[in-house]
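Single-structure report; data block below.
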Number of protein chains: 2
Amino acid sequence: MVSQLSIIVSKELYIKDPISSELGEKILSQGLILMHEIGLEDFNFKKLSQKINSTESTIYRYFESKNQFLFYLFNYYWSWMDYKLALAVANIEDPKTRLKRAIKLVTKTVEDDLTTNYINENLLQQVIMVESSKTFLSKKVDEENKLGYFKLYKNFITNLSTILLEINPRYPYYSSLVSTIIESVFHQRFFSQHLPKLTNNISQDEQLEDFFFQLCLQTITNYNENGKNESF
Amino acid sequence: MVSQLSIIVSKELYIKDPISSELGEKILSQGLILMHEIGLEDFNFKKLSQKINSTESTIYRYFESKNQFLFYLFNYYWSWMDYKLALAVANIEDPKTRLKRAIKLVTKTVEDDLTTNYINENLLQQVIMVESSKTFLSKKVDEENKLGYFKLYKNFITNLSTILLEINPRYPYYSSLVSTIIESVFHQRFFSQHLPKLTNNISQDEQLEDFFFQLCLQTITNYNENGKNESF
DNA sequence: CAAACTTAATAGTATTACTATTATATTTGC
DNA sequence: GCAAATATAATAGTAATACTATTAAGTTTG
């Protein structure tokens with residue numbers, strides 16, 4: 001019943017590890033489904049407890065708040081993506097191909113990974129798309145950062161930055177560019193579904209990939225160190 | 001007492017126009033200050049009513065919900081930015097200079113515009129930075145879009161896109177690139193304050209401008225139409 | 001087989017995001 | 001200048017939320 005995958009979410013992110021019991025796995029899997037269905041704002045442990053025929057207080061023995069539950073999903077996602085990134089670029093030498101594969105990974109629609117029965121990765125991606133920026137856009141961000149809630153996200157950004165720097169080690173804004181791409185992938189996908197005027201109909205993975213790969217490659221390869229002082 | 005500026009927020013965004021009375025202006029100005037202080041999540045009309053020595057129900061005669069109040073601020077901001085954009089590029093011929101000025105506008109820290117005593121534009125920018133993506137990242141987005149709540153935002157994106165297209169009319173992802181830049185400006189500023197590992201310390205306006213100007217210019221001028229099919 | 005732990009059931013609390021009602025004060029139209 | 005309309009204040013109330021606390025029954029483990 002317990003995962004073979006090395007997706008590890010640290011102890012700060014739960015009271016009792018949900019993947020340590022069947023009930024916990026049910027909380028996770030059904031919690032994800034419910035959050036996908038009704039959104040973070042309307043999601044609560046009472047509704048979830050009804051869905052799984054348990055009680056609110058039981059769920060509170062696993063997660064101290066719905067916020068912590070969201071952070072659990074958030075860290076799970078980035079841990080899983082980090083593992084996927086390592087796989088995607090393993091044994092590939094050419095820097096541009098490595099970048100291309102990395103961008104493909106972050107822009108592609110994920111399918112459910114059937115080795116984990118307690119997480120539907122496709123739903124997880126959709127939930128993270130909509131809810132993830134709410135993890136940091138709050139007054140509690142500094143506190144939560146100290147608790148390590150953003151560790152796996154920062155880790156992923158760092159690992160992806162390394163790939164950019166292989167192409168141009170002198171590009172100075174590597175982390176900013178990567179975090180821009182990552183956040184924007186979610187926004188562009190969301191916009192194409194709900195506010196299409198803000199995009200150019202790049203709902204398909206291929207177009208998303210083309211847009212971000214070119215943006216990234218052109219930006220890092222053509223960076224002009226004297227650009228700041230250039231006058232037009 | 002009433003504004004000279006042509007910042008017009010449409011009737012869907014309030015019950016009673018706040019800039020039509022002194023109390024309304026107080027709700028606006030103090031509401032903005034309070035939201036900046038405690039964040040959207042902790043902000044409510046009860047606290048605001050206490051701050052202005054009025055009552056909750058009175059505030060509800062101006063705005064039907066705190067969500068609508070946020071949308072009011074959001075639309076006010078984009079209306080104001082649109083006006084600023086028009087000013088920034090007026091009578092400038094050279095496309096690159098126009099782009100440079102536009103990027104400067106969106107990346108710069110705003111100072112309070114003293115002609116409006118009911119809105120501190122510097123605080124508004126900070127509030128929009130943190131809270132604006134919460135306007136669309138919700139299950140209500142389609143409904144709110146139909147009500148026209150995103151009209152001024154989409155307008156600004158369109159106007160900025162036009163400036164990109166003057167440089168390369170064949171660049172296909174003009175709206176996506178602009179919305180990416182706009183959203184990312186807020187994120188980068190936020191990250192440099194709270195999650196600096198996700199950026200390269202681009203807290204200063206100059207660096208933000210350099211990062212985004214180059215990203216934008218290199219992406220549109222070097223776009224390779226056959227990039228999709230290129231194999232590495 | 002007793003101790004420890006997990007879960008379920010129930011109850012309770014402070015806060016939130018409103019709605020409703022009434023009374024008083026202020027503005028406006030004729 | 002006064003009645004009618006409107007704005008505001010004061011108060012009360014509601015359903016839902018995000019929890020905490022308590023107890024009891026069931027299950028696991030050493």
Side-chain angles (χ1 to χ4, degrees), chain A residues 1-2 11 13-31 34-35 37-73 118 131 134-135 138-140 143-144, chain B residues 1-2 11 13-31 34-35 37-73 118 131 134-135 138-140 143-144:
Chain A
M1 277 295 151
V2 168
K11 290 187 203 308
L13 287 156
Y14 49 77
I15 294 175
K16 182 179 172 178
D17 191 356
I19 61 171
S20 68
S21 75
E22 289 214 19
L23 183 68
E25 293 191 358
K26 220 170 161 186
I27 289 168
L28 246 191
S29 62
Q30 297 295 305
L34 186 61
M35 197 176 290
E37 209 176 298
I38 64 179
L40 179 67
E41 281 69 33
D42 289 342
F43 174 93
N44 64 47
F45 286 170
K46 187 163 203 173
K47 287 176 188 165
L48 178 54
S49 71
Q50 281 158 0
K51 198 180 172 84
I52 63 172
N53 289 310
S54 182
T55 60
E56 249 185 301
S57 45
T58 298
I59 299 172
Y60 277 107
R61 302 188 86 262
Y62 284 85
F63 294 104
E64 65 184 45
S65 64
K66 85 167 174 182
N67 204 39
Q68 195 188 42
F69 181 68
L70 176 63
F71 270 106
Y72 185 96
L73 295 177
Y118 48 90
E131 317 296 357
K134 297 170 192 167
T135 59
S138 101
K139 288 283 170 187
K140 288 183 259 166
E143 192 189 313
E144 288 161 340
Chain B
M1 277 295 151
V2 169
K11 290 188 203 306
L13 287 156
Y14 49 78
I15 294 174
K16 183 180 173 177
D17 191 355
I19 60 172
S20 68
S21 75
E22 289 215 17
L23 183 68
E25 293 192 358
K26 220 169 162 187
I27 289 169
L28 247 192
S29 61
Q30 297 295 306
L34 186 60
M35 196 176 290
E37 209 175 296
I38 65 179
L40 180 67
E41 280 69 33
D42 288 342
F43 174 93
N44 63 47
F45 286 171
K46 186 161 204 175
K47 286 176 188 166
L48 178 55
S49 71
Q50 281 158 1
K51 198 180 172 86
I52 62 173
N53 289 310
S54 182
T55 61
E56 250 185 301
S57 46
T58 299
I59 298 172
Y60 277 106
R61 302 190 84 260
Y62 285 85
F63 294 103
E64 63 184 45
S65 63
K66 88 167 172 182
N67 204 40
Q68 195 188 43
F69 181 68
L70 175 63
F71 270 107
Y72 185 96
L73 295 177
Y118 47 89
E131 317 295 358
K134 297 170 193 168
T135 59
S138 100
K139 289 281 171 187
K140 288 183 259 165
E143 191 190 314
E144 288 161 341

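Each chain gets a letter, A, B and so on, in the order the sequences are listed, and its residues count up from 1.
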Distance, nearest 0.5 Å, that separates NZ of A:Lys140 from OG1 of A:Thr135
11.5 Å
Atom-pair distance (CD1 on A:Ile59; C1' on C:dT6), nearest Å:
14 Å
Length of the CG-P vector between A:Leu48 and C:dA8, whole Å:
12 Å
Please determine whether the number of non-hydrogen atoms from other residues, nucleotides or ligands lying under 6.0 Å from atom NZ of B:Lys46 exceeds 12.
no
What's A:Phe63 touching, base or sugar-phosphate or nothing? Going by heavy atoms closer than 4.0 Å.
nothing
Taking 4.0 angstrom as the limit, do A:Glu131 and B:Lys134 come out as a salt bridge?
no
A:Thr58 side-chain N/O to C:dA8 phosphate OP1/OP2 under 4.0 Å
yes
Can you tell me the distance, in whole Å, between the CD1 atom of A:Ile52 and the C1' atom of C:dA8?
12 Å
Measure CG/A:Asn44 against P/D:dA16 and give the value in whole Å, please.
11 Å
Distance (rounded to the nearest 0.5 Å) between B:Ser54 OG and B:Ile27 CD1:
6.5 Å
Would you mind telling me which of A:Tyr62, A:Tyr14, A:Phe43 makes a ring-ring contact (aromatic ring centres under 6.0 Å, His included) with A:Phe69?
A:Phe43
So B:Glu64, base contact, sugar-phosphate only, or nothing? Heavy-atom distance under 4.0 Å.
sugar-phosphate
Under 4.0 Å, heavy atoms only, any strand: does A:Tyr60 hit a base, just the sugar-phosphate, or nothing?
base
Taking the minimum atom-to-atom distance to the side chain of A:Ser57, which one of C:dT10, D:dA10, D:dA18 wins?
C:dT10
Of A:Glu56 and B:Glu56, the one whose closest DNA chain D nucleotide lies more 5'
B:Glu56
Is any side-chain N or O of A:Ser65 closer than 4.0 Å to OP1 or OP2 of D:dA18?
no
Taken to the nearest whole Å, CD/B:Glu41 to P/D:dC19 is 13 Å
Between B:Lys46 and C:dC18, is there a contact of a side-chain N or O with OP1 or OP2 at under 4.0 Å?
no
Per B:Arg61 side chain, nearest of listed nucleotides D:dA7, C:dT7, D:dT17
D:dA7
Quick one: is A:Lys66 getting a side-chain N or O under 4.0 Å of the D:dA18 phosphate, OP1 or OP2?
yes
Establish, with yes or no, whether the OP1 or OP2 oxygen of D:dA7 is under 4.0 angstrom from a side-chain nitrogen or oxygen of B:Tyr62.
no
Charged N-O contact under 4.0 Å between A:Glu64 and A:Lys16
no
Calculate the interatomic distance between A:Ile15 atom CD1 and C:dT6 atom P; express it in whole Å.
12 Å
Interatomic distance, B:Phe43 CZ vs C:dT15 C1' [rounded to whole Å]:
16 Å
Nearest whole angstrom, please: distance from the C1' of D:dA18 to the CG of A:Asp42.
14 Å
Strictly below 4.0 Å: does B:Lys16 bring a side-chain N or O up to OP1 or OP2 of D:dT8?
yes
Can you tell me if B:Ser54 touches the phosphate of D:dA9, counting only side-chain N or O atoms and a distance under 4.0 Å to OP1 or OP2?
yes
